[in-house]
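Here it is: the structure, laid out below.
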Amino acid sequence: MSDIFAFKGAHDAGYAQPKPLISEDEISSLIPNSMVRKNPPKWPTASEPELVRHYTWLSSRNFGIDSGFYPLGSCTMKHNPRINERIVQLPGMNDIHPLAPESHLQGLLAIFYEMQEMLAHCSGMDQVTLQPVAGAQGEFAAIRCIQEYHRNNGDECRNKVIVPDSAHGTNPASAAMCGYEIIEIPSRDDGRLDLDALRAVTGDDTAAMMVTNPSTLGLFEPEIAEAAEIVHEAGGQMYYDGANFNAILGKTSPGLMGFDAVHYNLHKTFSQPHGGGGPGSGPIGVKNHLAQYLPKPLVDRRKDAKGIDGYSYFWINPENSIGKVQQWHGNAGAVVRSWAFYRRYGRELEKMSEHAVLNANYLRYRILNPDSASLQGIPAMPVDGAPADVVKHEFTLSMSPIKDTTGVSGKDVAKRLLDYGYMAPTLYFPMIVPECLMIEPTETESKEVLDKFADDFLAILSEDPEIVKSAPHSTDVGRVDEVWAARNLVLRHPLED
Amino acid sequence: MSDIFAFKGAHDAGYAQPKPLISEDEISSLIPNSMVRKNPPKWPTASEPELVRHYTWLSSRNFGIDSGFYPLGSCTMKHNPRINERIVQLPGMNDIHPLAPESHLQGLLAIFYEMQEMLAHCSGMDQVTLQPVAGAQGEFAAIRCIQEYHRNNGDECRNKVIVPDSAHGTNPASAAMCGYEIIEIPSRDDGRLDLDALRAVTGDDTAAMMVTNPSTLGLFEPEIAEAAEIVHEAGGQMYYDGANFNAILGKTSPGLMGFDAVHYNLHKTFSQPHGGGGPGSGPIGVKNHLAQYLPKPLVDRRKDAKGIDGYSYFWINPENSIGKVQQWHGNAGAVVRSWAFYRRYGRELEKMSEHAVLNANYLRYRILNPDSASLQGIPAMPVDGAPADVVKHEFTLSMSPIKDTTGVSGKDVAKRLLDYGYMAPTLYFPMIVPECLMIEPTETESKEVLDKFADDFLAILSEDPEIVKSAPHSTDVGRVDEVWAARNLVLRHPLED
Amino acid sequence: MVDHLPNLGREAEMLHSMGLESIEDLFSDIPEDIKRVEPLDLPLPQTEEEIWADAQRLLGANIAMNSRPNFLGAGLYQNFVPTMVPMMATRGEFLTAYTPYQPEVSQGMLQAMWEFQTMISELVGLPVSNVSMYDASTAAAEAITCAVRVHNRKASQPNVVYVTEWLPEHRLSVIQNYVVGADIEIRLLTTNDDGKINLEMAKNANGCCAVYVEQPNPFGIIDTNIQNLKEIIGDDTALIVGVNATSLGLLTPPGEYGADIVVGEGQAFGIGATAGGPIYGLFACTEKYLRQMPGRIVGKTFDSNGKQAFTLTLSTREQHIRRHKATSNICSNETLIALMGAMHMALLGPSGVQKLAIRNTAACEMTKRSVLSIPGIELLHNDSGENQPPQHYNEFSVILPGSATSALSFLNHRGVTGGLALSDIMEGADDSWLLISATDQTKLDDIQELSVGLNEWVLGGCS
Amino acid sequence: MVDHLPNLGREAEMLHSMGLESIEDLFSDIPEDIKRVEPLDLPLPQTEEEIWADAQRLLGANIAMNSRPNFLGAGLYQNFVPTMVPMMATRGEFLTAYTPYQPEVSQGMLQAMWEFQTMISELVGLPVSNVSMYDASTAAAEAITCAVRVHNRKASQPNVVYVTEWLPEHRLSVIQNYVVGADIEIRLLTTNDDGKINLEMAKNANGCCAVYVEQPNPFGIIDTNIQNLKEIIGDDTALIVGVNATSLGLLTPPGEYGADIVVGEGQAFGIGATAGGPIYGLFACTEKYLRQMPGRIVGKTFDSNGKQAFTLTLSTREQHIRRHKATSNICSNETLIALMGAMHMALLGPSGVQKLAIRNTAACEMTKRSVLSIPGIELLHNDSGENQPPQHYNEFSVILPGSATSALSFLNHRGVTGGLALSDIMEGADDSWLLISATDQTKLDDIQELSVGLNEWVLGGCS
Ligand SMILES: Cc1ncc(COP(=O)(O)O)c(C=O)c1O
Ligand SMILES: Cc1ncc(COP(=O)(O)O)c(C=O)c1O
């Protein structure tokens, strides 16, 4: 156990700084007396060697994609190319101010413009803003645009947003934050959108419907175009949650499906590393009728022989912009990383989706169709979260048959996978699949990794249930008591001493 | 087990390169038919994601200073400041050619010049070359200079180099590579230089004596000035192995002790990370009478208002230079890192040595003077490798009393320390101390680390001898069979497949 | 050639083992009428070398702050980040992890975030901190909605929130977007001629749900009146203070003068300005707001063997469990950047953060002295009622004898980034108002170049 | 203020616990008469920020190869290193380790080096590789002394070694230094007018201890005669081939034409030119030389539980055990750089290394065509006896109609680094000889700028 607050170096030993421009004694006269801080914050008093070791140790207790297979469904945990990290360390990225004159930011704006265009093209939208810093913020911003659109049309009474019960939690949360009432519609037994249920709730109070396609079950919604028609006929807008965009690039697009607005999760589809929970980037694309509401500013360009490749770039504000959702211009560093990632594929982005889908189907097949030898000793097999011939980039398994037979829950299997050196799949989401494990391998995993995972997964099913239920056994800590944490709420170091 | 040769990606999936300037088909006409390679080397066919994971895994199975305390005596395993790694990534360092015109290298030459001057000043030498790339090569180059010096003086028959039996193996090896006969003189019982033994072997066949001071026992040689006098009177040269320079900066110098030539281990004293065995950097400094023999080139400067801080820099070749010992200008990147390290201390380099010595003495005291509680259960205590009131930057312990009492050897204790999360001290060196452990904490370890190490060390002594003898138990692999390795010599992957 | 795909060339093998023929079989579930017909109209794939070359060319066309005298700030500052920070934070185990849903294999990030919470708590003087918000603006916005949820029932002015006058649009606009859905009315807290909060008028805020002010304020003024606000607005109204985080190395932590929630921008700790993102917002509060707080939080607990462990906690507030009733929609956040912040803060330590604040204060003061020595340039809000003119941290605002836009463009042509025309970011600001920011990275030469330039501009008739 | 010292301010506490008073007590063992009296006359300590600023200023004053057309090579080449390489190699567990004396906690580096050995073995076509030498020159030098130790007893020309004519001084001089002590006589292997080894004269080498040649040779020529050398010199003489490592992506591995030892420079795999160091030398050989080989080597073995493990082996050759009888004095070596090499090689893979060699060949050819189209400039060694002029890899040599030094200085003023005057590095070379190197980083524009420049220089009368 390395406790950062236990290092006991001299208070000022940690990190030397150059002298201030005015002597330290004089400083007190520059601060109102009543505002002078009496005690410094009790931050660690550690030297660089101690901290390097501390954080090395902490990192060794953390699992990332670099540590092993990370099949966390819905999160698209693909490899993060290293060149992207090098690029954002360039002074022309790391050390620029968003409010600098446009002439200082021409390279950045050129990249922004290229990304706006590329995202619009791939999704079949007309305009893109890069400002939202995460998927959820993209949802929020887009729903705000839709809200302003309806208001501008005098459609003030559209106060409901329809969301399938398989939707990600951010969908209802974001719409609710805009003040909408959420109408959740149940999925069909086969996990697909239920058009009848949709028709039943659609009307002149419908502001929008939010859909993820492929859905959070990893399934393409075959009737998506009809759904869009139903909503549009009622005067509502169709919102596409692009978290699963990795599955369909070059194959179809939200535009073709009939959507009006979409967010992209750059940190998923375009491989921005989202270390420990973020950063992300959630640009939104919209059809022309919504473009005037987009958060400001966007980037446009004009021909200019002296500019970059013949253009100079500038900010523009949409006419009836909802304003801003982040102080500056979004997570520019994430956009630049995603640009570098996109450039690697260019017009072959389709290949990326093909491999993501290939890997998901292959792994699903390997798990659900074991040979008889592997089946031996397995008391019960998981079943498809929803029946399908093919899935897209991810799939769900219901562990109910196992729970019923041996008492081993989905969570137990997830924890046991940790012992085998894997990150656990997404657990108990979507909520419509009982004892759900949601598995997304991504395109950057090799066949060997998928084969090995399938074998290990099946091996766990044949293990002594007691071992699985008490897993994990070989991790840095054993199963963590989350209830104690919530009851006792020890949310900071006591620093007694 | 991650086997890099087991990845099975497409041959050309790993790493895409831009197109050649001539089409690939045309290339065969540019290579003599008889010289065309038939089969490509069977290198791994892995993608970046696979390799990132492979090397992450390998690194997790490797112990560095960042992983924990690394008290490897004689190796000065101090913290490597991170800024130094950033500096050498600058294009003005990473992407410059040693044979570029001097005008392309002014910044590098300025740093070289500063380092030559600084090293000369700290060691009391007159001239320094930065060319040797490791301590051993510094020894070799300096002994070559001494050899030429004697030849030039018509002293051809000086064919012996005197080396104490406590010397590092590179000392006799380097002198032997120059063609010298090695005369090893035994140390006194107290581990110090034996002047009588020295007198007995010194004569007109003496080319040089090589001494490490503080010695490899961590002890300052009190009679070093007399030793120098003896050798000088016989017409020999005094060579200072600077591997232990970390102990004496600002306190004394090889020049004051009477040495004629010295090598510095920049990678030890000035914190060049020597990952896994190197790189190092072993500049040498000499007194004026040897300067004309130094390897070429050195750096000099002249006033130039347009130059860097008023100077322009240029290469110079010593008049009777022995030539070169490395193709280019030595390990320039190591020199620049060491420069960055030195700048951090500047005139307070003395403080670095003080803390190195403070830490060594403190740890030695803590181990050799346990309270009675800690002593409980310890059947025998180690003894000082050589008696001394104070040591310098390191100290030796003889584990003989323990071996005699319980059968637990120095090696066993070393292996058991691995279980406690430490790198083992240097083992069985110097050879004159039986069952020797040689411990060098360096100045970058905190009191807490030293206290804990002392406690753990004592705890091991009170453990069940069988546990210690079969250690390590919690490392990635158990005790490694070195004999099998030497007998069977499996020196590469078989690549059957 | 696309690389990074380990199964390139093995598609057929994998398909056949599933009994499939072609990749297209995998997309048979997409109805024909919505299939894309034309291939993507995008450039050819590039190699790492080519991407790197283009990145250097494009981003090299930007002008880095450090490459010339720079006085831009306004909430995002030029700073120096110790090399240890990016080197350790980009270790793959941190960099490529996601939200620690499985605490058993995520103790490293969890512990680092718990330490972060502790350091922020210490910095601002409040017991609870989350593990970061998107940025300062969303932190302020969500602090307001959080406070309304807590206080609305008892509030005598329900759904009303007071926000300091002169808030830059880049924060005000975000707040406005976030409060729409909760039906919150934003009213303005006016300021005196000395630039500080008008305490008399602040009495109007008593009984509303929350008051949001900034310290130092958007003009860079250290507002001593803010210390008296809590007393005026009372216990049933949340005092939300937006801070310049580094200033707390020298200034009283808002927790000590009654702040209920402290928000702010973390950027100066841990990461460069990076064009405004990714950065991270701070959010700390008293226990009262804990269960209405947005964002993730880490708690200490034990594992099944009684060993100390860390885990995300209180997730019942969050969208993945509470869905439309969640306290916020935030899911992906800025943890990795907060980690960089934690590393930087730990390296600075108690005296280092003070030193940093001193350097910022000193640079600001030297710049102020130099600029105010130019005839015709005056401090904004100099008509202080007290004896002393307002004191500043990191930045100060002046009234120019001409348009700030013209001054900035004059300076820009001389290679100086002179600051920000306040009229660009504040409604109602005069075109002559200039915000000048100086940091620990400001050098005496920079100040000289600014002043010489401004002086020439004034002498040249302000054009 | 010096930082990085965790026990600053705790000196007294630590001293007192040992019963000491002051730091000086710890240095009481240094006799007074050799104590330093004056404090070090050096500048004040600097902070990380200041060091970084100075490093940027000083190293920024260097002219990086990539910043202009560059045709410098001669054994060290401008290259592109994939970002993965430095990012993974500077992980602290690799970066801050030392020689793996304790294999139980060093399996990572040991395995990586065993993989390195395998890749080098594959590349050069010999069964054994060590884990690196200091550089190509010391690798060549120690190959020679190693070969003499192996063959001297049976040699009909004991202590004699033949080395190719025209060896650049930067390698020849190193060899000369290393052979002094072993009393080895260096004789020259002459070349034909076509620049290749004179096989007739090579017969003189029969019965000596070793022959050292380079492939491609120092003029950049792919020397087809070298394939016939082994036959001529016989089994009791070691054929040592110094290679340009990347060329083996296209060229026959020397092991296949009888090389006993292959040495070379590894730099192009793994690290930039970095002013010539740290780089790393390659050393591979047949089993016959194994026990006389310099440097470290890793073997596969088992641990006490029968689990596969790696360890340093054959250390009885080395100085720390064999002392003055060691096969070499090498101790600290270039392992970390070899690790970078291994990473780069693994990323390239079999087809990547071929592609790299093709790119080098293509760039060299395009440059050659362009330069040779300039009237007055001729290929050196064009008077080939065969029908075809010599073929080149990575670099070629031309005869200018004036002095190469003047041409280079003319080009330099135009912003082109035109190559190397061979007379600077080769005894006996004419002042008109110019070595022009082109790599995968050479662009068509660069070639154009070189040729236009050279053309103008010629038209202007070569001055
Ligand atoms: C289906 C789906 N929608 C929306 C989101 C929200 O995106 P973010 O985490 O970037 O806010 C996620 C991410 O977890 C998701 O999986
Ligand atoms: C005392 C001593 N002398 C010489 C050397 C040789 O230095 P290097 O390893 O740099 O060749 C060492 C290093 O291990 C040493 O400890």
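Letters A, B, ... are given to chains in the order of the sequence lines, protein chains preceding strands, and every chain is numbered from 1.
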> B/Thr56 versus chain D, heavy atoms under 4.5 Å apart: side chain, backbone, both or neither?
Replying inline: both

> Considering only heavy atoms, which portion of B/Ile31 lies under 4.5 Å from any heavy atom of chain D: side chain, backbone, both, or neither?
Replying inline: both

> Ring centres of D/His324 and B/Tyr180 under 6.0 Å apart?
Replying inline: no

> chain D heavy atoms under 4.5 Å from B/Ile308: which part of the residue, side chain, backbone, both or neither?
Replying inline: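 Just the side chain, heavy atoms under 4.5 Å.
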
>> Between B/His267 and chain D, with a heavy-atom cut-off of 4.5 Å, which part of the residue counts as in contact: side chain, backbone, both or neither?
In response: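 B/His267 touches chain D through side-chain heavy atoms alone.
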
> Which bit of D/Ala182 is near chain B, if near means a heavy-atom gap under 4.5 Å: side chain, backbone, both or neither?
Replying inline: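 Looking at D/Ala182, just its backbone touches chain B.
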
>> Can a side-chain donor-acceptor contact be found between D/Glu334 and B/Asn331 if the only test is distance below 3.5 angstrom?
In response: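 Judged by distance alone, the side chains do pair up.
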
> Is it the side chain or the backbone of B/Ile4 that comes within 4.5 Å of chain D heavy atoms, both, or neither?
Replying inline: both

> Would you call B/Glu354-B/Lys251 a salt bridge at under 4.0 Å N-O?
Replying inline: yes

> Where does B/Pro91 contact chain D at under 4.5 Å (heavy atoms): side chain, backbone, both or neither?
Replying inline: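 Both parts, heavy atoms under 4.5 Å.
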
>> D/Ile358 and side chain to side chain contact (heavy atoms under 4.5 Å, CB included): which single residue from B/Ile27, B/Leu21, B/Ile22, B/Leu30 fits?
In response: B/Ile27

> What part of B/Gln326 is in contact with chain D, defined as an atom under 4.5 angstrom from a non-hydrogen atom: side chain, backbone, both or neither?
Replying inline: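 Contact with chain D involves both backbone and side-chain atoms of B/Gln326.
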
>> Can you tell me which portion of B/His79 sits under 4.5 Å from chain D's heavy atoms? Options are side chain, backbone, both or neither.
In response: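 Contact with chain D: side chain only.
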
>> Given heavy-atom pairs under 4.5 angstrom as the criterion, report whether the side chain, backbone, both or neither of D/Leu420 touches chain B.
In response: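 The side chain, not the backbone.
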
>> What part of B/Pro32 gets within 4.5 angstrom of chain D, counting heavy atoms only: side chain, backbone, both, or neither?
In response: both

